[in-house]
Each structure stands twice: as C-alpha cells, then as structure tokens.
Amino acid sequence: MGQTSCTEHFVINNEKGLHARPAALFVQTASEFSSSVDVMNEDTKTSADGKSVMSMLMLAAPQGTRLRLTITGDDAEKAMETLGSLINRGFDE
C-alpha cells in the first residue's frame, strides 16, 4: 500500500495547555502507531517528535496554541484520527 503522509492543524483547547500529563498521554498514544509523528508549534515554529515526552514539553504550548501534525507511515491516517481526537477532546481533562 505504501507510506501515507498527512498533515492537519489543531488548537490546544484544554485550560492548562500541553503540560506533562497531556504530553505523556499524547506520546503514549502516538507510540501505539508505527508512523512517525512530527508536531510543530505554529506560533513559535518549534518542532517536536510526537513520540518523545521531553520533545513535546519543549513545545511550550499553552491553551490556544496552534499545532501542525505531520504523520508519515503505513498507519498515518488512523494515527491522525486518533491523535486529532485526543487534542480536540482537550486530552480528557
């Protein structure tokens, strides 16, 4: 089937932003997929590996931050659907 790449934009909507718990939840979820997950803070142009908690925390993404997710791999579409839902749900906080 070949590798798929998809890019979508999201806004951090949970009150405390992308702090340790949601970052860890994001990384745990991203790690369930074989695809690579690149996350960019569109406000600061900082990029992060979506499978690294330290990298995600370096995004310094408070509420209202715009993120761009680029996911590449065999399960990219399913990963985007799952991670996008997690962000849109405010990391269930």
Side-chain angles (χ1 to χ4, degrees):
M1 184 166 124
Q3 287 200 339
T4 304
S5 182
C6 44
T7 300
E8 288 192 33
H9 301 264
F10 300 94
V11 175
I12 297 291
N13 57 22
N14 54 311
E15 186 179 341
K16 294 180 181 171
L18 191 62
H19 61 93
R21 197 196 73 75
L25 184 58
F26 185 96
V27 168
Q28 179 183 9
T29 305
S31 296
E32 295 172 5
F33 298 95
S34 62
S35 296
S36 65
V37 179
D38 180 68
V39 183
M40 177 183 270
N41 178 331
E42 293 198 307
D43 300 331
T44 64
K45 303 300 182 213
T46 305
S47 286
D49 175 356
K51 294 185 178 183
S52 164
V53 174
M54 288 305 297
S55 186
M56 290 295 290
L57 289 173
M58 296 299 288
L59 288 176
Q63 184 180 33
T65 299
R66 295 173 299 140
L67 298 180
R68 182 181 77 205
L69 270 57
T70 303
I71 304 178
T72 306
D74 295 333
D75 56 4
E77 291 175 2
K78 181 65 178 165
M80 183 67 78
E81 180 183 322
T82 303
L83 292 168
S85 173
L86 182 64
I87 295 168
N88 289 334
R89 292 193 321 263
F91 303 95
D92 298 327
E93 290 198 317

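Treat the numbers as computed from the prediction; the structure is a model and nothing was measured.
- A distance-only check finds no donor-acceptor pair linking the side chain of Gln3 to the backbone of Asp74 [under 3.5 Å].
- Closest non-hydrogen pair, His19 versus Lys16, comes out as CD2-CB, 3.4 Å.
- Pairs passing the side-chain hydrogen bond (donor to acceptor under 3.5 Å, both in side chains) check and including a residue from residues 23-35, sequence neighbours excluded, read Ser34-Asp75, Ser35-Asp75.
- In the hydrophobic clustering, where aliphatic and aromatic side chains (Ile, Leu, Val, Met, Phe, Trp, Tyr) are joined below 4.5 Å either directly or transitively, Leu59 groups with Phe10, Ile12, Leu18, Leu25, Phe26, Val27, Val37, Val39, Val53, Met56, Leu57, Leu67, Leu69, Ile71, Met80, Leu83, Leu86, Ile87, Phe91.
- Atom CD of Glu77 sits in a sparse spot, with 12 or fewer heavy atoms from other residues, nucleotides or ligands closer than 6.0 Å.
- Taking both residues in full, the closest heavy atoms of Thr72 and Ser5 are given as OG1-OG, 3.2 Å, listed atom of the first, atom of the second, then distance.
- Annotation for Met40: atom CE counts as buried by contact number, over 12 foreign heavy atoms lying within 6.0 Å.
- Taking Asp49 as the reference, Lys51, Ser52, Ser55 meet the side-chain contact (heavy atoms from CB on, under 4.5 Å) condition, with sequence neighbours excluded.
- Every side chain to side chain donor-acceptor pair (under 3.5 Å) that Thr70 has, sequence neighbours left out, goes to Thr7.
- As a member of the Ile/Leu/Val/Met/Phe/Trp/Tyr network built from side-chain separations under 4.5 Å, Val11 groups with nothing else and remains a singleton.
- Lys78 contributes atom NZ, which lies 14.5 Å from atom OG1 of Thr4 (distance to the nearest 0.5 angstrom).
- When atom types are taken as modelled, the side chain of Thr82 and the backbone of Ala79 share no donor-acceptor pair closer than 3.5 angstrom.
- Residues passing the side chain to side chain donor-acceptor pair (under 3.5 Å) test with Ser47, sequence neighbours excluded: none.
- A pairwise comparison of heavy atoms in Asn14 and Glu93 identifies ND2-OE1, 2.9 Å as the closest pair.
- The nearest pair of heavy atoms linking Asp92 to Arg89 is OD1-NE, 2.8 Å.
- Contact between Ala30 and Gly50 at its shortest, heavy atoms only, is CB-O, 3.4 Å.
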